[in-house]
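Down below is the structure, laid out as structure tokens.
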Amino acid sequence: MDTLKSEISATAARLVVEEGLEFGPAKRRAVKQLGLPTRTPLPGNDEVEDAVVDYLSVYCSDTQPAELLALRRLALVWMERMAVFRPYLGGAVWHGTATHFSDIYIQLFCDDSKSAEIALIDHQVNYVPRTVKGFNGDSVEALSVHALCPELKEEVGVHLLIYDRDDMRGALKLDAKGRVPRGDIEAVRRLLHDQAS
């Protein structure tokens, strides 16, 4: 990776960790902060993620593991609540790069796209419907909730992304780094067990 992309990745990583920005906005703001032209070629998300891992190991090694554990525990609570919709955890909380600024992203695979929304209404959970970019690049409906994370003593965004049940076939393809991009309830339980040991 060339020096300029490394510098953009490092600056974007700091913004991801310290401000909770998503990779895209973090890269664009890094270009601006570095005083580079707006058309500067950006590093890929994998490069930024590698820089995030480096940043966490240098600057956050004393706090990040506990924050990640708290977020994974909260994610499991929501996955168990929504178990009937075959939940999978993705994003930074799944990959281990989350901090207390990170949101939780759970993909639900539903027979009926409105059934998850009805379940939240039945449980009197306030949510905000929105449209986001899904794992296959298409727009998907998301139900966003503010949930109290007792261990962090703050509210965390929990985003329930709604997919058709048939979309599950493509959901477990390995990512560019050869990793499973998301995990089900049992996989999250194993992560928590391994992290607590």
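When a residue number appears, it is its place in the shown sequence, counting from 1. Just so it is clear, the structure is predicted and the values come from calculations on it, not from any experiment.
Nearest approach of Val158 to Ala147, heavy atoms of both residues: CG2-CB, 3.9 Å. Pro129 approaches Glu141 most closely through the heavy-atom pair CB-OE2, 4.5 Å. When every heavy atom of Ser115 is checked against every heavy atom of Cys110, the shortest pair comes out as OG-CB, 3.9 Å. A pairwise comparison of heavy atoms in Pro43 and Ile8 identifies CD-CG2, 3.5 Å as the closest pair. In terms of heavy-atom proximity, Ala70 sits nearest to Glu151 at CB-CB, 3.6 Å. Contact between Val156 and Ser102 at its shortest, heavy atoms only, is CG1-O, 3.7 Å.
Between the side chain of His123 and the backbone N or O of Ala119, at least one donor-acceptor pair lies under 3.5 Å. Side-chain atoms of Glu155 do not come within 3.5 Å of backbone N or O of His146 as any donor-acceptor pair. The closest donor-acceptor contact from the side chain of Arg72 to the backbone of Val93 lies under 3.5 Å. Although no hydrogens or angles enter the test, the distance criterion places a donor-acceptor pair under 3.5 Å between the side chain of Gln195 and the main chain of Pro65. Side-chain atoms of Gln64 come within 3.5 Å of backbone atoms of Ala98 as a donor-acceptor pair (strictly under, hydrogens ignored). Looking at Asp184, its side chain does come within 3.5 Å of a backbone N or O of Ala187 through a donor-acceptor pair.
Both Leu160 and Tyr127 sit in one connected hydrophobic cluster of ILVMFWY residues. Membership requires side-chain heavy atoms under 4.5 Å apart, directly or through other members. Hydrophobic clustering (side-chain heavy atoms under 4.5 Å, transitive across Ile, Leu, Val, Met, Phe, Trp, Tyr) groups Leu143 together with Leu108. Hydrophobic cluster membership differs between Val77 and Val84, with clusters built from Ile, Leu, Val, Met, Phe, Trp and Tyr side chains linked at under 4.5 angstrom. Residues Ile106 and Leu76 share a hydrophobic cluster, clusters being chains of Ile/Leu/Val/Met/Phe/Trp/Tyr side chains in contact below 4.5 Å. Cluster annotation: Leu21 and Leu36 are assigned to distinct hydrophobic clusters (Ile/Leu/Val/Met/Phe/Trp/Tyr, side-chain heavy-atom contacts under 4.5 Å, transitive).
The side chain to side chain contact (heavy atoms under 4.5 Å, CB included) test with Leu89 singles out one residue from Trp94, Tyr105, Trp78, and that residue is Trp94.
Aromatic ring pairs are classed by plane angle as parallel below 30°, tilted from 30° to 60° and perpendicular above 60°; the pair Phe109 and Phe135 is tilted.
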* Carefully, step by step, assess Asp50 and Lys177 under the rule salt bridge (Lys or Arg N to Asp or Glu O under 4.0 Å). => CA-CA 11 Å; Asp50 290 343; Lys177 292 184 174 185; 2.4 Å; yes
* Evaluation steps, side chain to side chain contact (heavy atoms under 4.5 Å, CB included), between Leu42 and Val48 -> CA-CA 10 Å; Leu42 299 174; Val48 175; over 6 Å; no
* Asked: Checking side chain to side chain contact (heavy atoms under 4.5 Å, CB included) for the pair Lys27/Asn45: CA distance, chi angles, key distance, verdict?
  -> CA-CA 9 Å; Lys27 288 188 279 188; Asn45 286 347; 2.8 Å; yes
* To do: For Val188 and Tyr88, run side chain to side chain contact (heavy atoms under 4.5 Å, CB included): C-alpha distance rounded to whole Å, both residues' side-chain angles, the deciding distance at 0.1 Å, then the answer.
  => CA-CA 9 Å; Val188 174; Tyr88 278 77; over 6 Å; no
* Under the side chain to side chain contact (heavy atoms under 4.5 Å, CB included) rule, what do Asp164 and Asp167 come out as? Steps first, then yes or no, please. => CA-CA 5 Å; Asp164 288 331; Asp167 291 330; 3.8 Å; yes
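Within 6.0 Å of atom CZ in Arg169, 12 or fewer heavy atoms from other residues, nucleotides or ligands are found, so the atom counts as exposed in its surroundings. Around atom CG of Asp194, more than 12 heavy atoms belonging to other residues, nucleotides or ligands sit under 6.0 Å away.
For Glu49 and Arg179, the salt-bridge test passes: some basic side-chain N is under 4.0 Å from an acidic carboxylate O. Using a 4.0 Å cut-off between charged nitrogen and carboxylate oxygen, Glu47 and Lys5 do not count as a salt-bridge pair.
Glu117 CD to Asp112 CG: the interatomic distance, rounded to the nearest 0.5 Å, is 10.0 Å. The CG atom of Leu15 lies 11.5 Å from the CZ atom of Phe23; values are rounded to the nearest 0.5 Å.
For the side-chain contact (heavy atoms from CB on, under 4.5 Å) test, no residue two or more places apart in sequence or in another chain qualifies with Asp54.
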